[in-house]
Undergrad: 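Mind having a look at this structure? Questions to follow.
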Amino acid sequence: MSWIDLAVLALLGAGLAFYAAGSLGFLRFPDTASRLHALTKADNLGLGLVALAAAIYGGSLAVAAKIALVWLFAVIAAGTTSQLLARRARLDEARLDDADSAPDGGLR
Amino acid sequence: MADWFTLVAIFLLLTVAAALVRCWRGPGPVERIMAAQLAGTGVIGVAVVLGAARGDAAFLDAALIGTLLAAIAVTAFVRGTAKPGAKE
Amino acid sequence: MQLVSVLNRLAIFGALWVVLTGGGVDSLAYGAAAVAVATVLSLLIYPVDRPGVVVWRAAAILPRFLVHSGLGGLDVARRAFDPRLPISPGWVDIPLSSRHDAANVLLGGLISILPGTLPAGPGDGEMDIHVLYLPNFTPGEVQADETRIHGLFDSRITEYGATHG
């Protein structure tokens, strides 16, 4: 096993660990927006690491470029959709707070 | 080496399966669409890893389409469920 | 200046096509059509008379982006794995100096990868940010990143109230 193989394995292992962290945070964190942190940061870092491993292992520039494209699109998509979801989570929280403070307890 | 990639793909699917517990529990629609997005990121990882294991670039095309569709799905959800009178 | 912007976009979409198809000769005719349509669409969505991102400046902050992405992932992973679950979440509102939506969404994207912060998009001249651990939050960093993002654009961004470094 060459040192390149070892590096690929290390990247795969680290990527998998971040995917696991994303799922764990998604399950454990107490509020919607905090869960979104786990999703946005840990999962996308995990994808970046396994993608890097696959690009090195693939051994051709064409394959590496395409994998880089997958990663780039995933990062851009995560950066924008996470803002949309966070806004929605914030609005939902505000609505819940309003309902709590309304005299009749509010309806939801 | 290819076996390692396949093994990682299996474990990636397990992390997605674990996160689906949150989809079941909710409590709200935002959690459920987030679970879908997490499954999306997970499956894109699986496609990239399996593509490397099998030396088949078609998996990468699937991963690209998956990335774009996941983004469109979330955008459609947020645009489609915005409540009237909500601050946009 | 504007012609250069159009040529830049043609080049970017062209490169995208080559990567997607592997540069096969039999797909070049479709590629020419697809690249032309994509460029026209992009010109309709974001005309060249608006402030544009300077490509080499964006490339120059890529290393910084990668390091921060790593730190952001490590921070949230550490908190997710810790049995005590050391988080203290809450919302903060940070005023924005610029009213330029595209720049502010880009800023939001950058903030979303930094450790511990997740923006809920720009609105009403401010950015609502969800913070995972409030005691660690310093508003000054957001303002520094805002200046950094504005610095990626050409000088026309100052017309929108941005401070351009």
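Chain identifiers are assigned alphabetically (A, B, ...) following the order of the sequence lines, protein sequences preceding nucleic acid strands; residue numbering begins at 1 within each chain. Side chains are part of it too, since the values below use all heavy atoms of this structure and drop only hydrogens, waters and symmetry mates.
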Undergrad: Tell me, out of C:L20, C:V18, C:I129, who's got the most heavy-atom pairs with chain A below 4.5 Å.
TA: C:L20
Undergrad: Side chain, backbone, both or neither: which part of A:T40 has an atom under 4.5 Å from a heavy atom of chain C?
TA: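 Contact with chain C involves the side chain of A:T40 alone.
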Undergrad: I need the C:H130 NE2 to A:H37 NE2 distance, nearest 0.5 Å.
TA: 5.0 Å
Undergrad: Please rank A:G25, A:A33, A:G79 by heavy-atom pairs under 4.5 Å with chain C and give me the top one.
TA: A:A33
Undergrad: May I ask you to say whether C:D82 pairs ionically with A:R28, meaning some side-chain N is under 4.0 Å from a carboxylate O?
TA: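 Salt bridge: no.
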Undergrad: Let me know if A:V75 has heavy atoms under 4.5 Å from chain C in its side chain, its backbone, both or neither.
TA: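 For A:V75, the contact with chain C is made by the side chain alone.
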Undergrad: Set out, in order, the CA-CA distance, both residues' side-chain angles and the distance that settles side chain to side chain contact (heavy atoms under 4.5 Å, CB included) for A:F18 and C:V76, then state yes or no.
TA: CA-CA 9 Å; A:F18 279 108; C:V76 77; over 6 Å; no
Undergrad: Measure the spacing between CG of A:L36 and OG of C:S112 and express it to the nearest 0.5 Å.
TA: 9.0 Å
Undergrad: So what's closer than 4.5 Å to chain A heavy atoms on C:L66: side chain, backbone, both or neither?
TA: side chain
Undergrad: Is it the side chain or the backbone of C:F65 that comes within 4.5 Å of chain A heavy atoms, both, or neither?
TA: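 The side chain, not the backbone.
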Undergrad: Measure distances from C:L106 to the heavy atoms of chain A and classify the residue's part below 4.5 Å as side chain, backbone, both or neither.
TA: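 The answer is neither part of C:L106.
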Undergrad: Restricting to non-hydrogen atoms, name the atom on C:D93 and the atom on A:R90 that form the minimum distance, rounded to 0.1 Å.
TA: OD1-NH1, 3.2 Å
Undergrad: Might you point out which heavy atoms bring A:P30 and C:L85 nearest each other, and give the distance in Å?
TA: CD-CD2, 4.5 Å
Undergrad: Ignoring hydrogens, what is the shortest heavy-atom contact between A:Q83 and C:V105? Give both atom names and the distance.
TA: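 Looks like NE2-O, 3.0 Å.
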Undergrad: Which heavy atom of C:A80 sits nearest a heavy atom of A:A21, and at what distance?
TA: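 Minimum heavy-atom separation between C:A80 and A:A21: CB-O, 3.6 Å.
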Undergrad: What distance separates C:I113 CD1 from A:K41 NZ, expressed to the nearest 0.5 Å?
TA: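 Result: 8.0 Å between the selected atoms.
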Undergrad: Can you tell me how far apart CG (C:L132) and CZ (A:R35) are? Round to the nearest 0.5 Å.
TA: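 The distance works out to 12.5 Å.
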Undergrad: Among C:A77, C:G70, C:G108, which has the most heavy-atom pairs under 4.5 Å with chain A?
TA: C:G108
Undergrad: To the closest 0.5 Å, what do you measure between CD1 (C:I87) and CG (A:D31)?
TA: 6.0 Å
Undergrad: Contact part of A:A68 toward chain C, heavy-atom cut-off under 4.5 Å: side chain, backbone, both or neither?
TA: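 Neither the backbone nor the side chain of A:A68 comes within 4.5 Å of chain C.
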Undergrad: What part of A:T80 is in contact with chain C, defined as an atom under 4.5 angstrom from a non-hydrogen atom: side chain, backbone, both or neither?
TA: side chain
